[in-house]
Participant: 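Have a look at this one before I ask anything.
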Amino acid sequence: MNPQADNLSFFQQVYAVARLIPYGRVTSYGAIARYLGTGGSARMVGWAMNSSHSTTGDIPAHRVVNRNGLLTGKHHFDGPLVMQELLESEGIKVIDDQIINFNKHFWDPVKEIL
DNA sequence: TTGCTGACCGACG
DNA sequence: CCGTCGGCCAGCA
């Protein structure tokens, strides 16, 4: 089979969507995974973010949180407080690693991107 | 090469 | 309500 059957690899697709996240908005790993059609591969989305530091281009990984709006991956940044600071810098309130009004800031690629 | 782990999610009991 | 399990894919020992 052609490894290039699809346009881009799974990781590349994740990076593409992550870059499309608008300022002051957040999304979840599962939402991205669902948009890619993988659904259950939500873990790979997080793994892709882990490799995002290796990729060229700005990947707003701080705008990607888990389904609960919890900053689960904050420890993977330069510091455990970097993610929260970045979100607050964009007008998103974060208390105890939990995004306030998460639903209001939530950005679903499936609904936003057609 | 095989096996385990991982920034998750949903279902089941 | 809470604990547990399976699924998905890629990287690493």
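So you know, we letter chains A, B, ... as the sequences are listed, proteins then strands, and number each from 1. These numbers come from the heavy atoms of this one structure, side chains and all, not from hydrogens, waters or symmetry mates. Values in this document were obtained by computation on a predicted structure and should not be read as measured data.
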Participant: Under a 3.5 Å distance rule, please check whether His75(A) uses its side chain to pair with a backbone N or O of Thr72(A) as donor and acceptor.
Facilitator: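 The answer is no, because no donor-acceptor pair under 3.5 Å joins these two groups.
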Participant: Return the value, rounded to whole Å, for the distance between atom OH of Tyr15(A) and atom C1' of dA10(C).
Facilitator: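 About 10 Å, once rounded to whole Å.
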Participant: Can you tell if the side chain of Tyr23(A) reaches within under 4.5 Å of the side chain of Arg63(A), non-hydrogen atoms only?
Facilitator: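 The answer is yes, as the side chains (C-beta and beyond) meet within the 4.5 Å cut-off.
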Participant: Would you check if Tyr15(A) and Ser51(A) make a side-chain contact, meaning some heavy-atom pair closer than 4.5 Å?
Facilitator: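 SC-SC contact between Tyr15(A) and Ser51(A) confirmed.
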Participant: Can you check the Phe10(A) CZ to dG7(C) P distance for me, whole Å?
Facilitator: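 Roughly 17 Å, once rounded to whole Å.
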Participant: Could you work out the separation of dT5(B) and dC5(C) based on their P atoms and round it to a whole Å?
Facilitator: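 Taking atom P in both dT5(B) and dC5(C), they lie 14 Å apart.
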Participant: What is the distance from CD1 of Ile32(A) to P of dC9(C), rounded to the nearest Å?
Facilitator: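 Rounded to whole Å, this separation is 17 Å.
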Participant: Name the atoms and distances for all side-chain donor-acceptor pairs under 3.5 Å in residues 98-111 of chain A, with sequence neighbours left out.
Facilitator:
| residue | atom | partner | partner atom | Å |
| --- | --- | --- | --- | --- |
| Gln98(A) | NE2 | Asn68(A) | O | 2.9 |
| Asp108(A) | OD1 | Val110(A) | N | 3.0 |

Participant: Mind checking the CD-NZ spacing from Gln84(A) to Lys74(A)? Nearest 0.5 Å is all I need.
Facilitator: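 The distance works out to 7.0 Å.
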Participant: At under 4.0 Å between heavy atoms, how does the protein contact nucleotides 4-11 of chain B? Give one character per nucleotide, 5' to 3', with B, S or -.
Facilitator: --BBBSS-
Participant: I want to check something: taking the side chain as every heavy atom from C-beta on, are Val26(A) and Val64(A) in contact at a cut-off of under 4.5 Å?
Facilitator: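 No, their side chains stay 4.5 Å or more apart.
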